[in-house]
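Read through the structure below, which is laid out as structure tokens, and then see the notes.
For clarity, every value in this text was computed on a predicted model and none was experimentally measured.
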Amino acid sequence: QVQLVESGGGLVQAGGSLRLSCAASGRTFSSYTMGWFRRAPGKEREFVAAINWSRSSTRYSDSVKGRFTISRDNARNTVYLQMTSLKPEDTAVYYCAVGRSVVITSQAREYDRWGQGTQVTVSS
């Protein structure tokens with residue numbers, strides 16, 4: 001059974017950093033795009049970042065560009081999200097997801113496996 005498990009969330013002060021990890025099991029994900037999304041209280045889920053299978057291409061939302069870095073280790077079936085210069089508006093539950101194909105995309109409908117999420121809280 002396919003499973004994605006996020007970790008690394010927590011409470012951090014504004015300006016701080018966190019690194020999220022997402023470990024995948026049950027299938028080899030090395031051929032698929034991986035993405036991170038988030039949902040803040042009272043808001044819709046939004047795209048954060050994505051990386052293609054070969055790590056040759058990444059995509060970021062404008063709100064995190066320059067502050068967050070997505071990476072992956074295909075040998076470990078793990079994707080990471082390094083978050084720096086965190087702001088209170090980054091507070092959300094962060095989810096990793098596996099894309100349906102090798103095409104890099106920010107569209108949630110193009111991802112078919114999701115983790116349970118990890119809470120990130122940034123205090124001001």
Side-chain angles (χ1 to χ4, degrees):
Q1 183 170 346
V2 173
Q3 186 174 20
L4 300 175
V5 179
E6 300 98 334
S7 61
L11 174 64
V12 64
Q13 288 188 329
S17 300
L18 283 174
R19 188 175 85 151
L20 306 184
S21 299
C22 173
S25 62
R27 188 178 84 184
T28 299
F29 296 100
S30 59
S31 298
Y32 299 88
T33 289
M34 299 289 292
W36 285 95
F37 291 76
R38 68 186 182 187
R39 187 191 298 271
K43 295 188 176 181
E44 297 290 320
R45 179 177 54 189
E46 66 170 343
F47 169 76
V48 175
I51 185 168
N52 72 340
W53 70 275
S54 66
R55 294 164 291 184
S56 63
S57 181
T58 57
R59 184 175 296 180
Y60 298 93
S61 68
D62 289 342
S63 61
V64 307
K65 197 174 296 182
R67 300 187 298 122
F68 291 11
T69 302
I70 188 171
S71 61
R72 65 190 293 170
D73 183 339
N74 288 335
R76 297 177 182 269
N77 255 5
T78 301
V79 63
Y80 305 96
L81 186 68
Q82 179 68 49
M83 307 185 294
T84 63
S85 302
L86 283 161
K87 305 174 181 180
E89 51 264 44
D90 294 318
T91 294
V93 177
Y94 284 70
Y95 301 89
C96 71
V98 182
R100 298 179 186 276
S101 72
V102 299
V103 176
I104 192 168
T105 175
S106 61
Q107 300 298 311
R109 63 177 179 271
E110 297 300 327
Y111 293 81
D112 62 355
R113 293 290 187 269
W114 296 81
Q116 82 291 346
T118 185
Q119 176 71 47
V120 171
T121 302
V122 184
S123 63
S124 57

Strictly by disulfide (SG to SG under 2.5 Å), give each pair with a member in residues 10-124 just once, sequence neighbours left out.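 Matches after skipping sequence neighbours: C22-C96.
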Is there side-chain contact between [X] and [Y], with at least one heavy-atom pair below 4.5 Å?
| X | Y | answer |
| --- | --- | --- |
| L86 | F68 | yes |
| M83 | V120 | yes |
| E110 | S101 | no |
| E6 | Q116 | yes |

Can you tell me how far the [atom1] atom of [X] sits from the [atom2] atom of [Y], to the nearest 0.5 Å?
| X | Y | atom1 | atom2 | answer |
| --- | --- | --- | --- | --- |
| M34 | I51 | CE | CD1 | 9.5 Å |
| N77 | R72 | CG | CZ | 8.5 Å |
| R100 | Q107 | CZ | CD | 12.0 Å |
| N52 | T105 | CG | OG1 | 12.0 Å |

Indicate if [X] and [Y] have the same hydrophobic cluster label, given that clusters are the connected sets of ILVMFWY residues with side-chain heavy-atom separations under 4.5 angstrom.
| X | Y | result |
| --- | --- | --- |
| W53 | V98 | no |
| L20 | V122 | yes |
| V48 | Y60 | yes |

Is there a donor-acceptor pair under 3.5 Å between the side chain of [X] and the backbone N or O of [Y]?
| X | Y | answer |
| --- | --- | --- |
| R59 | G35 | no |
| S21 | S7 | no |
| T84 | R67 | yes |

So does R76 have more than 12 non-hydrogen atoms from other groups sitting under 6.0 Å from CZ?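 No - once you tally the heavy atoms of other residues, nucleotides and ligands closer than 6.0 Å, there are 12 at most.
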Which residues, ordered by chain and number, are linked to [X] in its hydrophobic cluster, where ILVMFWY side chains connect at heavy-atom gaps below 4.5 Å, directly or through other members?
| X | result |
| --- | --- |
| I104 | none |
| Y80 | none |
| F37 | F47, V93, Y95, Y111, W114 |

Can a salt bridge be assigned to the pair K87 and D90 using a cut-off of 4.0 Å between side-chain N and carboxylate O?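 Here K87 does not pair with D90 in a salt bridge, since their nearest N and O are not under 4.0 Å apart.
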If I compare all heavy atoms of V79 with all of S71, which pair ends up nearest, and what's the gap?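 Looks like CG2-O, 3.1 Å.
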Looking at every heavy atom in both A14 and P88, which two are closest together, and how far apart are they?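 So the two residues come closest at CB-CD, 4.1 Å.
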Could you list the residues that satisfy side-chain contact (heavy atoms from CB on, under 4.5 Å) with T121, not counting sequence neighbours?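 In terms of side-chain contact (heavy atoms from CB on, under 4.5 Å), with neighbours along the sequence ignored, T121 is linked to L11, T91, Q119.
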E46: partners by salt bridge (Lys or Arg N to Asp or Glu O under 4.0 Å), with sequence neighbours left out: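 Expected list: R38.
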